[in-house]
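Report on the following structure.
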Amino acid sequence: MSSAASAEHHKEGQEASPKLVVAISVDQFSSDLFSEYRSTFRHGMKRLAGGAVFPSGYQAHAATETCPGHATIMTGSHPGRAGIIANNWIDLRVARDDKTVYCAEDERVEGTSFGAITAATQGPYIASAWHLLVPTLGERLKATSPQSRNVAVAGKDRSALMMGGTDVDAVYWWKRKGFATLSDREVGPPIAALNARIADYIDQARAPYPVPDHCAARNNQIVVSDNQSVGTYDFRRPEGTARIFRGSPDFDKVTIEAAMALIDSMKLGQGEVTDVLSVGLAATDYIGHAFGTGGLEMCIQMAQLDRNLGLLFEHLDAAGMDYVAVLTADHGGHDLPERLRLQGVPDAERIDPNLNAKFVGKQVKDILKDSSDVPVLHADSPFGDYYVSLDLPAERRAEVKKIAMMMFAEHPQVEAVFDHDMLSALPMPKGPPEEWTMAERTRASFHPDRSGDFIVLLKKAVTPIASGGPGYVATHGSPWDYDRQVPILFWHKDLAHFEQPLSVRTVDIAPTLAALIGVEIPADEIDGKCLDIDGGKANSCER
């Protein structure tokens, strides 16, 4: 039997594999949002909610950011195994002045930079999935069925690359005013035509979105600062404001259009073997950051997300193909503290602006009577991974680390500080993710060669944005369940509807899909387990 036929082979009497896997990630779509708006869904989300529903899915790790979360969905591996510890980390050994490494770049390319892409002497980063240390489902399928296509399209490069991997037949993401692809590839004609259509209207004025009746109660102004308020925006845009296009439902619509263009042009799901299409929808995340999760903006977005997903499923239905769809999220989200304090969360607050590597590092130097200008601590954000300078002697590095860890641990907004060596000694956690300790959650996103010398976790309801401003008033990234919990929804025409309220994990998605399409994944190569989504006496994990 050929490798292609092997991937399609099943036990006698059982149905053939679906011809297309459609894996959808809605950036920042928390279980809270799914629960809050579920009764209002009428289109694509309603269909998904009629399949196999796991409302208590978990991005089980502590670093609940976009890149680590997307790395779990199609690999079945926690970020610590996948090597994607955060969106950005510090590599003090990298051979360039900019030591910040982006998860979806190839910093080995001479002359590139991520943190200083506008500098005249440095070029932009080269988007790449080379940091991903494990194969995706699409890559595993291609290894056994070379005719299968592995395709990804998303609003962010890190979403498309982490779901598609390195062996992709087509991969696209939004860049400035259209969709781009890998540096060594040309944009194909269908996507080029879509980009041309987008260019015709992206800078034009846009009328407001209609406000659904159920959104009226959320139409309340929340003052963030003297020059910033949120809660009442209906996504109208004046002429010449393409820069805010991403933070609107329009962004998801064009991403869906790109997915449909690839389905049609590549005839995905219409051949003899199974194809994989990963779709990353980013508007919910941009809207969550800019306006929070509790206002009119998110309410309108949920209604439009439902409609846009409906367009995708109608398109697939019209093609008459047999497809299985799964929807989840890379992480949840946390509303802005100014609104949370009005809604029964008195401890919600913004982070101390002095809780960062620069300020704490200076205090450490003062204690050690170090008068040099060389920083002793490096970090990309006020929480997460902290690195001690390699320019220091080993003994001094140990002193800096000890003092800094103590100072962070004593801060009233810090929940825990974990040492690199302690985390290295911990096994990868197992069991129900809601029962994991903070150390276990941190271990799941820890990689010994990339993670910091120590890791800082903030207390619940602390927003790591010192001062909210345009485009950035709320965020995610914490080890708390509001950022970890995401829905996991499977749909296929033959699946019986059921709802399982107990916790599952996003790392369970890839092995569940793999069983449906006949891809064998050795259990010791991933962290997830297959979920039986048949809903009846049969077992979808034993096809």
Side-chain angles (χ1 to χ4, degrees), residues 26-37 40 64-66 155-156 205-238 240-253 281-306 329 331-351 353 381-382 458 460-478 480 482-483:
V26 179
D27 203 318
Q28 205 180 140
F29 186 51
S30 65
S31 288
D32 294 335
L33 284 176
F34 176 63
S35 175
E36 181 176 2
Y37 289 100
T40 70
T64 50
E65 297 181 333
T66 298
K156 299 178 181 179
R206 203 224 185 274
Y209 267 95
V211 177
D213 291 341
H214 66 268
C215 293
R218 295 168 176 82
N219 191 359
N220 296 301
Q221 185 180 52
I222 302 295
V223 176
V224 181
S225 62
D226 291 342
N227 62 352
Q228 175 74 1
S229 63
V230 299
T232 61
Y233 180 50
D234 54 13
F235 299 106
R236 67 186 71 199
R237 293 195 306 273
T241 54
R243 67 186 182 280
I244 62 175
F245 179 82
R246 295 184 306 176
S248 76
D250 294 344
F251 192 33
D252 282 348
K253 188 172 187 296
L281 302 178
T284 300
D285 186 67
Y286 286 115
I287 291 167
H289 283 304
F291 306 104
T293 60
L296 176 65
E297 300 91 352
M298 189 59 75
C299 191
I300 293 174
Q301 164 60 8
M302 288 296 98
Q304 294 303 317
L305 171 67
D306 181 34
H331 52 72
H334 190 45
D335 202 9
L336 63 154
E338 291 80 7
R339 183 157 44 217
L340 288 173
R341 288 196 296 269
L342 299 176
Q343 297 178 345
V345 189
D347 294 332
E349 61 181 351
R350 293 193 177 277
I351 197 169
S381 73
L458 301 179
K460 188 178 290 186
V462 175
T463 295
I465 303 171
S467 179
Y472 199 50
V473 300
T475 193
H476 47 83
S478 82
W480 302 105
Y482 50 73
D483 283 341

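Quick caveat: nothing in here was measured; it's all calculated off a predicted structure. Note: hydrogens, waters and symmetry copies are ignored here, and every other heavy atom, side chains too, is used.
- Annotation for Q221 and S229: closest pair NE2-OG, 3.1 Å, computed over non-hydrogen atoms.
- Going from atom OG of S30 over to atom CG of D335 covers 10.0 Å, rounded to the nearest 0.5 Å.
- The ring-ring contact (aromatic ring centres under 6.0 Å, His included) search around F34 returns none, not counting sequence neighbours.
- The minimum heavy-atom distance linking I222 with R339 is given by the pair CG1-NH1, 3.7 Å.
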Verdict with reasoning, L33 to Q28, per side chain to side chain contact (heavy atoms under 4.5 Å, CB included) = CA-CA 9 Å; L33 284 176; Q28 205 180 140; 6.0 Å; no

Yes or no on side chain to side chain contact (heavy atoms under 4.5 Å, CB included) for M302 and T40, after CA distance, side-chain angles and deciding distance? CA-CA 9 Å; M302 288 296 98; T40 70; 5.7 Å; no

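- Cation-pi contact between K460 and Y482: absent, since separation from the ring centre below 6.0 Å together with deviation from the ring axis within 45° is not met.
- If you check the side chains of Y209 and D250, you find a donor sitting under 3.5 Å from an acceptor.
- Between I300 and P210, the shortest heavy-atom distance links the atoms CG1-O, 4.3 Å.
- Contact between L342 and E338 at its shortest, heavy atoms only, is CG-O, 3.5 Å.
- In plain terms, the two heavy atoms of Y233 and L296 that are nearest each other are O-CD2, 3.9 Å.
- Proximity of a side-chain donor or acceptor of D252 to a complementary backbone N or O of L305 within less than 3.5 Å is not detected.
- Distance CZ/F291 to CG/L336: 11.5 Å, rounded to 0.5 Å.
- For the residue pair Q301/T284, the side-chain donor-acceptor check at 3.5 Å is satisfied.
- In this structure, the side chains of T293 and D32 stay at 4.5 Å or more apart for every pair of heavy atoms.
- With rounding to the nearest 0.5 Å, the separation of SG in C299 from CG in D234 is 12.5 Å.
- The minimum heavy-atom distance linking R237 with S248 is given by the pair NH1-OG, 3.6 Å.
- Judged by distance alone, the side chain of R350 and the main-chain N or O of T463 form no donor-acceptor pair under 3.5 Å.
- Here R341 does not pair with E349 in a salt bridge; the nearest charged N to carboxylate O distance is not below 4.0 Å.
- No side-chain heavy atom of E36 sits less than 4.5 Å from a side-chain heavy atom of M298.
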Side-chain donor-acceptor contacts of residues 468-476 below 3.5 Å, not counting sequence neighbours, with atom names and distances?
unit_1	atom_1	unit_2	atom_2	d
H476	ND1	T64	O	2.9
H476	NE2	D285	OD1	3.3
H476	NE2	H289	NE2	3.2
H476	NE2	H331	NE2	3.3

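- The closest donor-acceptor contact from the side chain of D483 to the backbone of S478 lies under 3.5 Å.
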